[in-house]
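Accompanying notes for the structure given below.
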Amino acid sequence: DAMVIQNPRYQVTQFGKPVTLSCSQTLNHNVMYWYQQKSSQAPKLLFHYYDKDFNNEADTPDNFQSRRPNTSFCFLDIRSPGLGDAAMYLCATSRDRGQGRETQYFGPGTRLLVL
Amino acid sequence: AQSVSQHNHHVILSEAASLELGCNYSYGGTVNLFWYVQYPGQHLQLLLKYFSGDPLVKGIKGFEAEFIKSKFSFNLRKPSVQWSDTAEYFCAVVASGGSYIPTFGRGTSLIVHP
């Protein structure tokens with residue numbers, strides 16, 4: 001009965017080698033989010049999709065891209081990972097934006113290691 | 001832009017002790033407030049939330065939080081913690097009238113000794 005699934009749970013990549021993280025949801029939620037979380041820091045929103053409408057945070061590096069081919073799936077592409085991109089990447093969903101009252105449902109995260 | 005401060009980064013308690021985790025935010029307007037919890041090896045999940053009405057809100061597993069508007073605070077409390085409460089706790093704030101996207105605090109790691 002997993003609701004937000006992230007694959008893989010652990011990803012090791014080489015410096016500069018493109019990597020894709022995936023997220024899927026069985027909740028049929030409109031909104032999907034990608035967060036980056038480094039040790040002892042707050043989750044940092046990278047971008048979110050409201051249905052097909054892509055919303056990029058102003059300080060998200062160009063190195064990070066996202067795709068949402070359908071309601072259920074969302075991908076995070078890191079075009080040229082640097083050592084500073086090593087982090088936990090969290091995917092979350094919410095039914096709607098709901099004037100800020102919606103609960104977010106999180107996946108287990110993908111821990112990215114850059115060698 | 002709003003910010004969220006969680007003052008206690010690491011808290012260690014014995015079972016049956018009382019718990020209070022601080023959360024302060026910087027935003028002068030109407031806010032929606034959340035506490036999320038992440039148990040070891042599990043995903044973040046909602047503990048409780050507050051939008052309006054009674055400023056004392058109750059959540060799952062005996063947790064409660066109190067919204068004090070004048071102090072810009074939304075502290076999490078539990079009268080008697082259990083070993084199973086060992087987890088990371090995150091406060092999140094959504095400012096009304098903006099993008100409706102939550103801003104998270106950096107989290108508080110709670111360890112409860114049996």
Among B/Leu46, B/Leu33, B/Val4, B/Val93, the residue with the most heavy-atom pairs under 4.5 Å to chain A is B/Leu46
Per the ring pair (Phe, Tyr, Trp, His ring centres under 6.0 Å) rule, what does the pair list look like for residues 62-87 of chain A, sequence neighbours excluded?
none
Honestly curious: do A/Phe47 and A/Val19 fall in one hydrophobic cluster under the side-chain, below-4.5 Å linking rule?
yes
Would you please go through residues 53-68 of chain B and name the residues with a non-hydrogen atom below 4.5 Å from one of chain A, in numerical order?
none
Closest non-hydrogen atoms of B/Gly105 and A/Ala42, given as atom of the first, atom of the second and distance, are O-CB, 3.1 Å
Answer yes if B/Val37 and B/Leu19 sit in the same cluster of Ile, Leu, Val, Met, Phe, Trp and Tyr residues linked by side chain heavy atoms under 4.5 Å apart, and no otherwise.
yes
Quick one: donor-acceptor pairs between chain B and chain A, under 3.5 Å, side chains and backbone, table format.
from	atom 1	to	atom 2	distance (Å)
B/Asn32	ND2	A/Gln99	O	3.1
B/Asn32	ND2	A/Gly100	O	3.2
B/Tyr36	OH	A/Gln104	N	2.9
B/Lys49	NZ	A/Thr103	OG1	3.0
B/Arg106	NE	A/Ser40	O	3.1
B/Arg106	NH2	A/Ser40	O	3.1

With A/Cys23 via disulfide bond (SG atoms under 2.5 Å apart) - residues at least two apart
A/Cys91
Give the cluster check for A/Ile5 versus B/Leu44: same hydrophobic cluster or not, with ILVMFWY residues linked at side-chain heavy-atom distances below 4.5 Å.
no
Establish whether A/Leu45 and B/Phe90 are linked, either directly or via other cluster members, by ILVMFWY side-chain heavy-atom contacts under 4.5 Å.
yes
When you group the ILVMFWY residues by side-chain heavy-atom contacts below 4.5 Å and let the links chain together, are B/Phe72 and B/Val31 in the same group?
yes
Heavy-atom contact with chain A under 4.5 Å, split by part of B/Ile101
side chain
Search all heavy atoms of B/Phe34 against all heavy atoms of A/Gly100 and return the closest pair with its distance.
CZ-O, 3.4 Å
